[in-house]
Trainee: 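Pasting a structure here, questions to come.
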Amino acid sequence: MQSQVIVPLDGSASAEAILPHALLFAQRGQSILTLLQIGTPSGLPGVRDRMIPDNWSEGEEIWGQDYLAAMVRRLQSSGVTIQTRHPEAALAEQAIVSYTKHQPQVQLIALTTQGRSAAGRALFGSLAEQVFASVSTSLLLLHPPKGEQTGSGPIVSASYQTIIVLLDGSVEAERALHEATSLAQEFSATLVLVAVPPRPGEEIFVSEGEQPVSDSPEEKAQLLRTTTGLRVETATTASDPEAFIERITGHGLRNLLVVATREQALYGAEKFLRHRNVPVLLLATYT
């Protein structure tokens with residue numbers, strides 16, 4: 001069964017800002033790109049109000065269909081199979097979670113955030129926070145720039161000049177490194193290995209006979225340079241994470257992707273999630 005990348009859209013330029021990045025991952029995985037436009041059931045308490053016209057729900061449905069049809073036209077030159085869905089739910093996050101749980105072929109959920117501070121709802125925005133907490137699927141998150149205007153031309157896939165991966169010594173971070181390396185090879189991008197402190201209270205246990213993940217970022221970088229031919233750099237965010245991000249983006253490297261684990265989302269990756277127009281790929285949790 002063909003995998004899916006899903007993108008919830010509400011008609012805003014903010015939500016649409018994730019589309020070039022979602023399109024890239026759909027092309028990469030030969031996945032269906034599923035556009036969701038979520039409607040509110042007309043029978044919900046408070047929806048039918050004397051100030052709301054009788055045909056409001058019907059009009060909203062027609063608008064949603066027309067809107068997604070226009071988005072499909074803007075994506076049609078991509079070579080990706082596009083499908084649209086119109087689930088109904090009281091809250092958008094309920095529809096996204098329900099769709100994902102009933103469609104096991106969903107490999108990635110791509111959506112924008114409204115991050116403002118260091119954790120939880122204020123970091124992700126209420127919609128992304130609920131999706132993050134409710135499904136273990138990989139997430140592609142973007143905090144869009146202010147003042148973004150809705151376009152009307154073809155949507156083309158993103159590309160990345162620089163790919164950052166966060167290393168905290170965990171086995172999950174090694175998996176993120178593998179994914180980041182694969183992406184860097186595809187784009188001939190610079191790979192930046194960023195050492196971040198382990199999560200508070202976390203101890204890394206190694207079973208008997210296993211080798212601990214103990215190579216330093218520079219040792220990993222040298223091995224990758226030798227085996228892949230990539231340009232690989234190392235850095236640390238320990239002293240001033242914000243300055244590090246500004247330095248990276250300030251060198252004209254706007255085509256930037258951060259790869260992290262979901263476990264790092266609230267610790268280690270939060271500075272990147274708050275930075276405007278830097279997509280963050282949080283890999284699925286496997287049990």
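Numbers here simply count residues along the sequence, with the first being 1. Worth saying up front: this structure is predicted, and the values here are computed from it rather than measured.
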Trainee: I need the full list of side chain to side chain donor-acceptor pair (under 3.5 Å) pairs touching residues 186-195, with sequence neighbours left out, sorted by first then second residue.
Mentor: R28-E186
Trainee: Flag the pair I163 / V259 as yes when at least one side-chain heavy-atom distance between them is below 4.5 Å, and no otherwise.
Mentor: yes
Trainee: Between R85 and T34, is the side chain to side chain contact (heavy atoms under 4.5 Å, CB included) condition met? List the steps.
Mentor: CA-CA 7 Å; R85 295 291 184 267; T34 301; 4.0 Å; yes
Trainee: For A189 and L230, work out which heavy atoms get closest and say how close.
Mentor: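 What the structure gives for the nearest pair is O-CD2, 3.8 Å.
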Trainee: Show the nearest heavy-atom pair for residues A110 and P8, with the distance to one decimal.
Mentor: O-CD, 3.2 Å
Trainee: Looking at OG1 of T227 and CD of Q222, how far apart are the two atoms once the value is rounded to the nearest 0.5 Å?
Mentor: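 Rounded to the nearest 0.5 Å, the OG1-CD separation comes out at 9.5 Å.
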Trainee: Going by side chain to side chain contact (heavy atoms under 4.5 Å, CB included), name the residues that satisfy it together with H178, two or more places apart in sequence or in a different chain.
Mentor: none
Trainee: In this structure, which one of V232, L167, T234 forms a side-chain contact (heavy atoms from CB on, under 4.5 Å) with K220?
Mentor: L167
Trainee: Which residues satisfy the side chain to side chain donor-acceptor pair (under 3.5 Å) test with T137, sequence neighbours excluded?
Mentor: none
Trainee: Can you measure from CG (L75) to OG1 (T81) and round to the nearest 0.5 angstrom?
Mentor: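 Answer rounded to 0.5 Å: 12.0 Å.
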Trainee: Got a second to check how far T162's OG1 is from R231's CZ, nearest 0.5 Å?
Mentor: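 Output value for this atom pair is 8.0 Å.
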Trainee: With sequence neighbours left out, what residues match V72 under side chain to side chain contact (heavy atoms under 4.5 Å, CB included)?
Mentor: L35, I82, T84
Trainee: The criterion is salt bridge (Lys or Arg N to Asp or Glu O under 4.0 Å); which residues satisfy it with R225, sequence neighbours excluded?
Mentor: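 Expected list: E218.
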Trainee: Residues in side chain to side chain donor-acceptor pair (under 3.5 Å) with S31, at least two apart?
Mentor: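 For S31, the residues satisfying side chain to side chain donor-acceptor pair (under 3.5 Å) (neighbours in sequence not counted) are S3.
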Trainee: I'd like a table of donor-acceptor pairs (distance under 3.5 Å, sequence neighbours excluded) in which one partner is a side-chain atom from residues 90-104, with atom names and distances.
Mentor:
| unit_1 | atom_1 | unit_2 | atom_2 | d |
| --- | --- | --- | --- | --- |
| Y99 | OH | Q4 | OE1 | 2.8 |
| T100 | OG1 | I96 | O | 2.8 |
| H102 | ND1 | S98 | O | 2.8 |
| Q103 | OE1 | Q4 | NE2 | 3.4 |
| Q103 | OE1 | Q105 | NE2 | 2.7 |

Trainee: For Q185, check side chain to side chain donor-acceptor pair (under 3.5 Å) against everything at least two apart and list the hits.
Mentor: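 None.
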Trainee: Do P20 and S157 touch side chain to side chain, with heavy atoms closer than 4.5 Å?
Mentor: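 When only atoms from C-beta onward are counted, S157 and P20 do not touch, as no gap falls below 4.5 Å.
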Trainee: Who are the ring pair (Phe, Tyr, Trp, His ring centres under 6.0 Å) partners of Y160, not counting sequence neighbours?
Mentor: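 Expected list: H21, F187.
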Trainee: Spell out, yes or no, whether M71 and F25 are grouped together once hydrophobic residues are joined by side-chain heavy atoms under 4.5 Å, including indirect joins.
Mentor: yes
Trainee: Does V135 share a hydrophobic cluster with I32, counting links as ILVMFWY side-chain heavy atoms below 4.5 Å and allowing steps through other members?
Mentor: no
Trainee: Could you measure the distance from the CD1 atom of I18 to the NE2 atom of H143? Nearest 0.5 Å is fine.
Mentor: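 Going from the CD1 atom of I18 to the NE2 atom of H143 covers 12.5 Å.
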Trainee: Report the residues that fulfil side chain to side chain donor-acceptor pair (under 3.5 Å) with Q30, sequence neighbours left out, ordered by chain and then residue number.
Mentor: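 Scan of Q30 (side chain to side chain donor-acceptor pair (under 3.5 Å), adjacent residues dropped) gives none.
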Trainee: Which of these, V7, L142, L141, sits in a side-chain contact (heavy atoms from CB on, under 4.5 Å) with L111?
Mentor: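 With L111 as partner, side-chain contact (heavy atoms from CB on, under 4.5 Å) holds for just one option, L141.
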Trainee: Between T181 and L224, is any pair of side-chain heavy atoms under 4.5 Å apart?
Mentor: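 A side-chain contact exists here, since the closest heavy-atom pair is under 4.5 Å.
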Trainee: Check for a donor-acceptor pair, side chain of Q27 on one end and backbone N or O of S78 on the other, with a separation under 3.5 Å.
Mentor: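 Checking the backbone N and O of S78 against the side chain of Q27, a donor-acceptor pair under 3.5 Å is found.
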Trainee: Could you measure the distance from the CG atom of N255 to the CD atom of Q161? Nearest 0.5 Å is fine.
Mentor: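 Separation between the atoms: 4.5 Å.
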Trainee: To the nearest 0.5 Å, how far apart are CG in L19 and CD1 in I155?
Mentor: 4.5 Å
Trainee: L108 versus L281: any side-chain heavy-atom pair under 4.5 Å?
Mentor: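 Answer yes - side chains close enough.
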Trainee: Can you see whether R262 engages Q264 through a side-chain donor-acceptor pair at a distance of less than 3.5 angstrom?
Mentor: no
Trainee: Check whether any side-chain heavy atom of L23 sits under 4.5 Å from a side-chain heavy atom of V156, and report yes or no.
Mentor: no
Trainee: I'd like to check L68 versus H86 (side-chain heavy atoms, cut-off strictly below 4.5 Å). Are they in contact?
Mentor: yes
Trainee: Is the closest side-chain heavy-atom distance between L177 and L193 below 4.5 Å?
Mentor: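 When only atoms from C-beta onward are counted, L193 and L177 do touch, with a gap below 4.5 Å.
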